[in-house]
Amino acid sequence: MVGAGIIGAAIAYFLTQAGARVSLLEAKTPASGASGASDGAVSVASKRPGPMMRLARESRAMYGQLAADGLLQGIYHPRPTYLFARTDEEVALIARQGAEMLDQQERILSLTHAELMQRVPGLGTHVLAGIKVPDDGHALGYRVVDRLLQAANVVPQRHTPVRQLVLSNDRVVGVLTDQGVITADCVVVAAGLGAAPLVGLRDFLIPRKGQLIVTDRASQSGAALPGPLMSAGYLAAKRRIVLGQSSVSLVIDPLTTGQFLIGSSRETGFSDRQTDVQTVSTLLREALAVYPLLARLRVIRTFAGIRIGSQDGLPIVGPHPTLSGLYMATGMEGDGICLAPLLGSAVADMVLDAPARFDLSALNPARLGALPLQLG
Ligand SMILES: Cc1cc2nc3c(=O)[nH]c(=O)nc-3n(C[C@H](O)[C@H](O)[C@H](O)COP(=O)(O)OP(=O)(O)OC[C@H]3O[C@@H](n4cnc5c(N)ncnc54)[C@H](O)[C@@H]3O)c2cc1C
């Protein structure tokens, strides 16, 4: 396994559950990539219709089961998502999203302005309408990584970047690290952007920076949300639609600690982890307009994480198109926390040649054609 983010940890967990022996190599430390610098929406409300919405529903159900089984108890928290709209165009967009969720048998509740104000006291008056998605949830990525690796009894080899794959004919038989070659029956690359040079995805992966703001606890302020407020602008960004009114893809997320996470920007092509005054102030201005009670809170931290997207907007998960013994799982963009249990289980099945339980055909790397490999 290459990469100890949430995807690598989930695959390692399901592989060990099935009896496989796993070595996990990590360039830095576990969850030091996107999995440790993100929000944790386990959300169907935010997904593009089609395979992503279907897979998110299946993965969210797995979160519920893993929490009930004790593995993710205290880490996965069910809670509703509230989509909201501020213009007629946004009302139409969330209505479309609602119809598509209904098509997938998702429970939703459409809310008028008055109904929304009643359910979410303190909401800004210019919010026109909303949709409640009752069955969503939340899990912080770094906590999931920690729990999965402990349960798998896998100790990642930290500060061990994989430099290249080792091949024998057209089969991958190991990896090269600074300490030498490590051989393996097969190699799974779940290294986010680090997968690009290793498996030939340089032309297909796109970094997209997201800046986030953390407030202090809301105890005295009266601010309390029953679930995250997710803007129609967020849906538009996922669907690659440009809305008439300029809008950040705002989400105001109440954490179980009583703090709020306010995010996030989507800065395509940026892979630095700096935050800047312009973006943070835009996010805060938009957040205050939607939920004015935030004004009483202190900002205690800002941070940025890097989502890794793909050219066609779908994750890249499955066997390498031409090299045997090599599997990849990357390009999760803003959905990797949500999809981790399903992808972990599905990739473990592929590696072990077990019958497939999920339809991942839309994510198959074969859709990308021949991948150039740079083998050093
Ligand atoms: C601001 C922001 C908000 C987000 N919000 C959500 C959300 O609400 N819900 C959701 O579902 N998702 C969300 N995401 C997306 C989610 O965080 C990612 O999709 C997910 O963390 C990707 O996990 P990963 O394991 O693929 O990658 P990563 O967590 O980046 O892990 C990859 C690991 O591979 C290691 N690595 C890289 N190269 C090598 C190498 N050569 N050798 C060894 N190791 C290597 C890295 O050091 C890293 O630890 C958000 C992301 C951001 C940035």
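Read the numbers this way: they start at 1 and go in the same order the structure lists the ligands and their atoms.
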Between Arg57 and Gln105, a side-chain donor and acceptor under 3.5 Å: no
Leu212: numbered ligand 1 atoms lying under 4.0 Å from its heavy atoms: 1 (C)
Any N/O pair Ser38/ligand 1 closer than 3.5 Å: yes
Heavy-atom donor-acceptor pair, Asp276 side chain to Thr279 backbone, under 3.5 Å: yes
Side-chain donor-acceptor contact under 3.5 Å, Glu89 with Thr87: no
Test of proximity, Gly192 against ligand 1: N or O pairs below 3.5 Å: no
Side-chain H-bond candidate by donor/acceptor type, Arg307 with Ser264, under 3.5 Å: yes
Option among Val145, Val144, Leu71, Val154 that satisfies the side-chain contact (heavy atoms from CB on, under 4.5 Å) test with Tyr13: Leu71
Ligand-residue contact atoms, ligand 1 with Gly33, heavy atoms, under 4.0 Å: 29 (O), 30 (O), 49 (O)
Protein residue, atom and distance nearest to atom 6 (C) of ligand 1, heavy-atom basis: Asp39 O, 3.4 Å
Proximal candidate to atom 27 (O) of ligand 1 [heavy atom criterion; set Ala31, Ser32, Gly194, Ser35]: Ser35
Salt bridge (charged side-chain N to carboxylate O under 4.0 Å, His left out) between Asp349 and Arg357, intermediate numbers included: CA-CA 8 Å; Asp349 284 347; Arg357 282 172 283 177; 2.9 Å; yes
Best match, Glu26, Arg208, Lys28: closest heavy atom to atom 47 (O) of ligand 1: Glu26
Any donor-acceptor pair under 3.5 Å from Glu58 side chain to Leu342 backbone: no
Taking atom 11 (O) of ligand 1 as the reference point, the nearest protein heavy atom with its distance: Cys338 N, 2.7 Å
Audit row: Leu149, Leu24, side chain to side chain contact (heavy atoms under 4.5 Å, CB included) steps and yes/no: CA-CA 10 Å; Leu149 292 181; Leu24 177 52; 3.5 Å; yes
Per-atom contacts of ligand 1 with Leu25, taking only distances under 4.0 Å to non-hydrogen atoms: 43 (C), 44 (N)
Closest to atom 8 (O) of ligand 1 (judged by heavy-atom distance), picking from Ser46, Ala41, Gly305: Ala41
Close approach of Gly263 to ligand 1, heavy atoms, under 4.0 angstrom: no
Proximity flag Gly334 to ligand 1, non-hydrogen atoms under 4.0 Å: yes
Check: Gly210 N/O within less than 3.5 Å of ligand 1 N/O: no
Pair Asp335 + Lys47: basic N to acidic O under 4.0 Å: yes
Heavy-atom nearest neighbour in the protein, as seen from atom 24 (P) of ligand 1, with distance rounded to 0.1 Å: Ile7 CG1, 3.7 Å
Full working for salt bridge (charged side-chain N to carboxylate O under 4.0 Å, His left out) between Arg86 and Glu286: CA-CA 11 Å; Arg86 290 168 286 185; Glu286 296 242 355; 3.1 Å; yes
Residue pair Gln179, Thr160: steps toward the side chain to side chain contact (heavy atoms under 4.5 Å, CB included) verdict: CA-CA 8 Å; Gln179 289 76 42; Thr160 307; 3.5 Å; yes
Polar proximity ligand 1 side, Ala34 side, N/O cut 3.5 Å exclusive: yes
Nitrogen or oxygen atoms of Val162 and ligand 1 under 3.5 Å apart: yes
Leu212-Ile262 co-clustered via ILVMFWY side chain contacts under 4.5 Å: no
Atom indices of ligand 1 within 4.0 angstrom of Ile306 heavy atoms, with elements: 53 (C)
Atom 44 (N) of ligand 1 [closest protein heavy-atom partner, distance rounded to 0.1 Å]: Ala27 N, 3.0 Å
Close approach of Val2 to ligand 1, heavy atoms, under 4.0 angstrom: yes
Numbered atoms and elements of ligand 1 in range of Gly40, under 4.0 angstrom, heavy atoms: 8 (O)
Within-cut-off N or O pair, Thr160 and ligand 1, under 3.5 Å: no
Any donor-acceptor N or O pair under 3.5 Å, side chains Arg208, Thr268: yes
Contact atoms of ligand 1, heavy-atom distance to Gly3 under 4.0 Å: 33 (C), 34 (O), 35 (C), 44 (N)
For atom 31 (O) of ligand 1, the protein heavy atom that lies nearest, with its residue and separation: Gly5 CA, 3.4 Å
Atom 36 (N) of ligand 1: nearest protein contact (heavy atom, Å): Ala191 CB, 3.8 Å
Ala37-ligand 1 polar pair, N/O distance under 3.5 Å: no
Aromatic ring pairing Tyr291/Phe260, orientation class (parallel under 30°, perpendicular over 60°, tilted between): tilted
Backbone N/O of Ala34 and side chain of Ser38: donor-acceptor pair under 3.5 Å: yes
Any donor-acceptor pair under 3.5 Å from Thr16 side chain to Ala20 backbone: no
Ligand 1 contact on Asp335 by region, counting heavy-atom pairs under 4.0 Å: backbone
Closest candidate by heavy atom, reference atom 15 (C) of ligand 1, pool Glu333, Met332, Arg307: Glu333
